[in-house]
Amino acid sequence: MDVNDPPKPFDSPQGRPFDDTQGKPSDFIREAVAEDLRTGRFKYVRTRLPPEPNGYLHIGHAKAFLIDYLVAKEFGGQLNLRFDDTNPTKEETEYVNAIKEDAHWLGIDWGDREFYASDYFDELYEWATLLVKKGKAYVDDQSAEEVSKSRGTLTEPGVESPFRDRPVAENLDLLERMKNGEFPEGSRVLRAKLDMADPNMVMRDPVMYRILHATHHRTGEKWCIYPMYDWSHGQNDSMEGITHSLCSLEYEIHRPLYEWFLDELGVFKPRQIEFARLNLTYAMMSKRKLRKLVKMGIVKGWDDPRLTTLRGLRRRGVTPEAVRDFIAKVGVAKTDSWIDMALLEACIRDDLNKRSPRRMAVLRPLKLVIDNYPDGQVEEMNAVNNPEDPPAGTRKVPFSKVVYIEQDDFRETPPPKYFRLYPGNEVRLRYAYLVKCTGLIRDPVTGAVSEVHCTYDPATRGGDAPDGRKVKSTIHWVSAQHAVKTEVRFYDRLFTVERPDEGENVNEIINPHSLEVLTDCSIEPSLAEEAKPGDKFQFERIGYFCVDPDSAPGKLVFNRTVTLRDTWAKIEKKQG
RNA sequence: UGGGGCGUGGUGCAACGGCAGCACAUCAGCCUUUGGAGCUGAGUAUCUUGGUUCGAAUCCAGGCGCCCCAGCCA
């Protein structure tokens, strides 16, 4: 299987079913779900994906989405996609479409079970009037500031609203008129009547509806009041027959309210279970901060390859399989944790290694002249497309007297343990010949090495020496007369600190070298002919690269997805 | 000085009263026509104090540390 084939959403790179029960991850959520089925608390499993359409998905969402999707799938249940569109001032259709696209890319399948919180506005309103009639909700005329002030603090109880004991009929009338748009924004809210002295502040008469004279992306001008999350989410879960409402830790303190509403209404009550959200080192997950990076122009857009948005990862060349593998390895627990970016990179390499066609590309070219090779001769060398995947076959690579090699692959004076080209040393040009360095030419002005010379051993065609002699290094090359010029973009971590999401000083922690553009790269001709945007390759000995959509006919642009593991870099680093 | 939650190698996740294991990372070696991949091995952990028990990461009590909550955001 080639990485450039159309994705098969639920096969791992090995071709095993994605949710194979062999080594199926077990965690406290799956245990709870299994127990609920065993005890008969629920007869089936249905989860929900609850994105708010106010931004693009990032890898943190991938964790939540995959948990929701896989739990449903593993227990033979269903997944509802339900957009949490209760705040028309922040939400847009553009995001709805982008979220669906990204979720599909990830491999999430919700069939035709696509819903919106706004689908339930009518019924939800009816349920609100039920609570009003029970004396469990009231219209509060206080201003936002007054409500906030009277809520109390973490250690002091709040004070009850003067409107708290309004007669039911008056509440009903006022609520109706709020709905009809008779009052200005901010003038009144509907509140649940709980306990202003509750130590859990969520329970101090939470707001259910606020007045918003806004145009909703789906309901248009129909509504002048919109439900708050707490009043919408659980009720929607109930209406949809969701059994397990899986969410992040910060909603733990909302669970008593979630259950209170459902109990007061006397309706089907799903179980809310909370887990820790994903934190990734050197990455930013907060939508607010992500938006800031885009707005300030620090990145080029939501799909900038340096971002861990799903679109960014995709453009960078990361596969959905790698993301899924990563999320599976991250696990599910309630501990606040930071996952090492190195784990994501390992998952990316692991997937790409097995599937990427290999090609030769010289990113920082240095001219190597083979003095004893016949002028004008061209040979077609046989190269393996992917040693990890023999069925991927072989290809021909043209070879001639002058080739480009990587500047890094030549040293005039080699440091200890350097095995590549240096005067007097013999190396293998991959799939071609053994060559021995005989000298170099300098630029008369700068003094820099402008050309390296060598001789080749005609008996070593293909790279094998008939006399059995070994060389310690194999380097890649591109025939100068056949080379096609391309642009290559290197990406590095966007931030200089490990936990960029923690502070506020986004500006001060930007890595100024997060993007490096190389414009004088040479690739082998076969690559120039075949590569289309989105295609992924391994450039031998360098890393994994993906064709960027900025590419134009005759002018390819590659993104470096991730480097290969580089043992030499470590040795060099140790040597100082 | 309220309430809720969480503490296991460097980073994560297991072990559900019985030899603390796995992955990533690190280090060493083998192998190699990618200093890739693969293979082998090593080091490093149960927040703390006490209790229960033949036996505690696990159960109990206290302490300490970290996270979340005072939006008419979700």
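Predicted, not measured: the structure shown is a model, and the values here were computed from it. Below, chain A is the first sequence line, B the second, and so on; all start at residue 1. Computation of the quantities below employed the complete heavy-atom set of this structure, encompassing side-chain atoms and omitting hydrogens, waters and symmetry-equivalent molecules.
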Readout for nucleotides 8-15 of chain B: B = base within 4.0 Å of protein heavy atom, S = sugar-phosphate only, - = neither; 5' to 3' it is ---SSSS-
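Under a 3.5 Å cut-off, the side chain of A:Glu240 and the backbone N or O of A:Asp237 do not form any donor-acceptor pair.
Close to B:A74, at under 4.0 Å from its OP1 or OP2, lies no side-chain N or O of A:Ser232. Note on A:Arg151: a side-chain N or O is less than 4.0 Å away from OP1 or OP2 of B:C72. The side chain of A:Arg255 contributes no N or O atom lying less than 4.0 Å from OP1 or OP2 of B:G5.
One donor-acceptor pair, N or O on each side, does fall under 3.5 Å between the base of B:G35 and the side chain of A:Arg420.
Atom P of B:G38 sits at a distance of 27 Å from the matching atom of B:A15, rounded to the whole Å.
A:Arg349 forms no cation-pi arrangement with A:Tyr544, by the criterion of a distance under 6.0 Å to the ring centre and an angle within 45° of the ring axis. Judged by the 6.0 Å distance and 45° axis criteria, A:Arg166 is not positioned over the aromatic ring of A:Tyr138. The side-chain tip of A:Arg560 points at the ring of A:Phe490 from less than 6.0 angstrom away and within 45° of straight on.
Glycosidic torsion of B:G65 falls outside 90° of 0, placing the base in anti.
No more than 12 heavy-atom neighbours from other residues, nucleotides or ligands sit within 6.0 angstrom of CZ on A:Arg277.
Atom pair A:Lys287:NZ and B:G71:P shows a separation of 20 Å (rounding to whole Å applied). Rounded to an integer number of Å, the gap from A:Leu564 CG to B:G38 P is 11 Å.
Ring centroid separation for the pair A:Tyr251 and A:His233 does not come in under the 6.0 Å cut-off.
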